[in-house]
Protein chains: 2
Amino acid sequence: MLRSQVSTFLEIDIETIRYYESLNLITKPARLSNGYRTYNDKNLEEIKFIQHCRSLGIGLEEIKALKNLKPASDCTSANVIIEKNLKLIEQKILDLNLLQIQLENLSKSCSTKGTSENCGIVKSLVKESLSFKKTLLKNKAQDHGHKNESIQ
Amino acid sequence: MLRSQVSTFLEIDIETIRYYESLNLITKPARLSNGYRTYNDKNLEEIKFIQHCRSLGIGLEEIKALKNLKPASDCTSANVIIEKNLKLIEQKILDLNLLQIQLENLSKSCSTKGTSENCGIVKSLVKESLSFKKTLLKNKAQDHGHKNESIQ
DNA sequence: CTTGACCCTGTAATCGCTACAGGCTTTAGA
DNA sequence: TCTAAAGCCTGTAGCGATTACAGGGTCAAG
């Protein structure tokens, strides 16, 4: 299978495949005499594995760790990774629920028909942050070591 | 107020303030004779406004748009921005709820005591993605124009 | 024999920061 | 008075996970 076929088959961007290869997340595919990559079943499985993990929000370095688990070793590290991602997701859900409420309130505060001078949205945004927003910001600040896992 | 004072007072990283200035999100603070920036009340309000919007998950370009709304103009664009972010958040919550369920299932599938050969986590991860994970990936793919707003 | 579709490599852009290098200024203490 | 530390300045690079683009080679169809 050539790159574009893999891309279509697995619904993955062509460049992403090359990116994974550059990080040694997949074994290097064989090359045809003209230099074109050919992906075999093993390559495809590896890419699918990454897709699966990514769809669970697991980071690429952690995916590499999971992939490199020796079959006979104990699986504590797999547990650690899953638990860590679970906690992150739980926190994100809590944060997003707060954001949702706030944005809904903002949305309600405008009838769409006035000038922005009278607009509840603009007024509210200009007002000082409420206390629980500071809490949110602090949560984000604690996230320093995990830059890829902010609320955004 | 000098940079470090603003940083402490508003609980914002020192460099972030300069970053916002570089994007013209705040008016350029006055300079002392030695070149040091001094932040006045207006500067502080602008930074607070950005913090507030950021805490709601609004992107910097959108914050700029909100900031530039003329007082007398109508506030349709403010509404559009809020509604857009609300929809994004609602979708993210749905996605994260799915991820949570999946990771919980994964977590349950391992007793922590076996080898990774027998580990339910590793086994499940290697298995092919289920259909609703593909749905998730598609949602992400549709996010192309909003790279800062992926699930991560 | 040219056009277009595909492949290759390397590198820059994205977003919202954060960090660092290399240099100036100011303040406090020895 | 000297010096060290803290704070400021600028410009630039790094993060993570892609995506895009420039500049080139290869291949099949018309």
Side-chain angles (χ1 to χ4, degrees), chain A residues 1-8 10-26 28-39 47 50-51 53-65 85 88 136-137 140-152, chain B residues 1-8 10-26 28-39 47 50-51 53-64 85 88 136-137 139-152:
Chain A
M1 261 196 184
L2 294 177
R3 217 146 66 97
S4 64
Q5 293 171 295
V6 176
S7 168
T8 307
L10 297 184
E11 299 184 71
I12 188 173
D13 189 280
I14 264 189
E15 296 293 312
T16 304
I17 303 172
R18 194 160 63 100
Y19 177 63
Y20 290 163
E21 184 186 333
S22 78
L23 296 182
N24 293 314
L25 280 168
I26 58 175
K28 299 216 182 290
R31 301 290 186 122
L32 299 174
S33 54
N34 57 14
Y36 290 16
R37 291 170 180 83
T38 33
Y39 295 84
I47 296 170
I50 299 169
Q51 279 189 299
C53 292
R54 287 294 301 130
S55 77
L56 295 169
I58 299 172
L60 293 180
E61 277 309 309
E62 290 177 330
I63 293 173
K64 198 185 252 180
N85 280 277
L88 280 170
L136 268 179
L137 285 170
K140 287 190 186 182
Q142 286 166 1
D143 232 9
H144 277 171
H146 321 280
K147 288 168 198 165
N148 61 327
E149 285 130 4
S150 67
I151 291 179
Q152 293 267 326
Chain B
M1 261 196 183
L2 294 177
R3 216 147 65 99
S4 63
Q5 294 171 294
V6 177
S7 168
T8 307
L10 296 186
E11 299 184 70
I12 187 173
D13 189 278
I14 264 188
E15 296 294 310
T16 304
I17 303 171
R18 195 161 61 101
Y19 177 63
Y20 290 163
E21 183 185 335
S22 79
L23 296 182
N24 293 313
L25 280 169
I26 58 176
K28 298 218 180 290
R31 299 291 183 122
L32 299 174
S33 55
N34 58 14
Y36 289 14
R37 291 170 179 85
T38 34
Y39 296 84
I47 296 170
I50 299 169
Q51 279 189 296
C53 292
R54 287 293 300 131
S55 78
L56 295 169
I58 300 172
L60 293 181
E61 277 308 309
E62 289 175 331
I63 293 173
K64 196 184 252 179
N85 280 276
L88 279 171
L136 270 179
L137 286 170
N139 285 341
K140 288 190 186 181
Q142 286 167 0
D143 234 8
H144 275 173
H146 323 281
K147 286 168 200 167
N148 60 327
E149 287 134 0
S150 67
I151 292 179
Q152 294 268 325

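Per chain, numbering begins at 1; letters A, B, ... match sequence-line order.
- Within the structure, a side-chain polar atom (N or O) of R31(B) is placed less than 4.0 Å from OP1 or OP2 of dT10(D).
- For the OP1/OP2 pair of dA6(D) and a distance below 4.0 Å, the side-chain nitrogens and oxygens of S4(B) include no atom meeting the criterion.
- When heavy atoms are screened at a 4.0 angstrom cut-off, I14(B) is found touching the sugar-phosphate backbone but no base atom.
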Pairwise N/O distances under 3.5 Å, protein to nucleotides 23-27 of chain C:
{"from": "dT26(C)", "atom 1": "OP1", "to": "N34(B)", "atom 2": "ND2", "distance (Å)": "3.2"}

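- Atom CD in E62(B) sits about 11 Å away from atom P in dC15(C), given to the nearest Å.
- Residue R37(B) places at least one side-chain N or O under 4.0 Å from the OP1 or OP2 atom of dC9(D).
- dG16(C) atom P lies 17 Å from atom CD1 of I17(B), rounded to whole Å.
- E21(B) places its CD atom 17 Å from the P atom of dT18(C), with the value rounded to the nearest Å.
- A heavy-atom distance below 4.5 Å is found between the side chains of L60(A) and Y19(A).
- Phosphate contact (OP1/OP2 of dA17(D), side-chain N/O of Y20(A), threshold under 4.0 Å): absent.
- Rounding to the nearest 0.5 Å gives a distance of 6.5 Å between CG of L32(A) and CG of L2(A).
- Nearest to the side-chain atoms of R18(A) among the listed nucleotides dC21(D), dT18(C), dC7(C) stands dC21(D).
- For the pair Y20(B)/Q51(B), no side-chain contact is recorded, criterion being any heavy-atom separation below 4.5 Å from C-beta on.
- Note that CD1 of I17(A) is 5.0 Å distant from CD1 of I12(A), once rounded to the nearest 0.5 Å.
- To the nearest 0.5 Å, atom OG1 of residue T8(A) and atom CD1 of residue I14(A) are 7.0 Å apart.
- Rounded to whole Å, atom C1' of dA17(D) lies 16 Å from atom CD1 of I47(A).
- When all heavy atoms of K28(B) and E21(B) are compared, the pair lying nearest together is NZ-O, 3.7 Å.
- A heavy-atom distance below 4.5 Å is found between the side chains of E62(B) and N85(B).
- OP1 or OP2 of dT19(D) has at least one side-chain nitrogen or oxygen of T16(A) nearer than 4.0 Å.
- Rounded to a whole Å, the CD atom of Q5(A) is 8 Å from the P atom of dC7(C).
- The distance from atom OH of Y39(A) to atom P of dC8(C) is 6 Å, rounded to the nearest whole Å.
- For L60(A), whose side chain is taken as the heavy atoms from C-beta onward, the closest listed nucleotide among dT11(C), dT18(D), dC7(C) is dT18(D).
- Which of dA17(D), dG10(C), dT12(D) sits closest to the side chain of R54(A) comes down to dA17(D).
- Within the structure, a side-chain polar atom (N or O) of R3(A) is placed less than 4.0 Å from OP1 or OP2 of dC8(C).
- Taking the side chain of Y19(B) as heavy atoms from C-beta on, and the options dG16(C), dC7(C), dC20(C), the nearest nucleotide is dG16(C).
- Distance NZ (K64(B)) to P (dC15(C)): 11 Å, rounded to an integer number of Å.
- Spacing between atom CD1 of I50(A) and atom P of dG16(D) amounts to 16 Å, rounded to whole angstrom units.
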*Check the pair E15(A), R18(A) against salt bridge (charged side-chain N to carboxylate O under 4.0 Å, His left out), reporting the backbone distance first and the verdict last.*
CA-CA 5 Å; E15(A) 296 293 312; R18(A) 194 160 63 100; 3.0 Å; yes

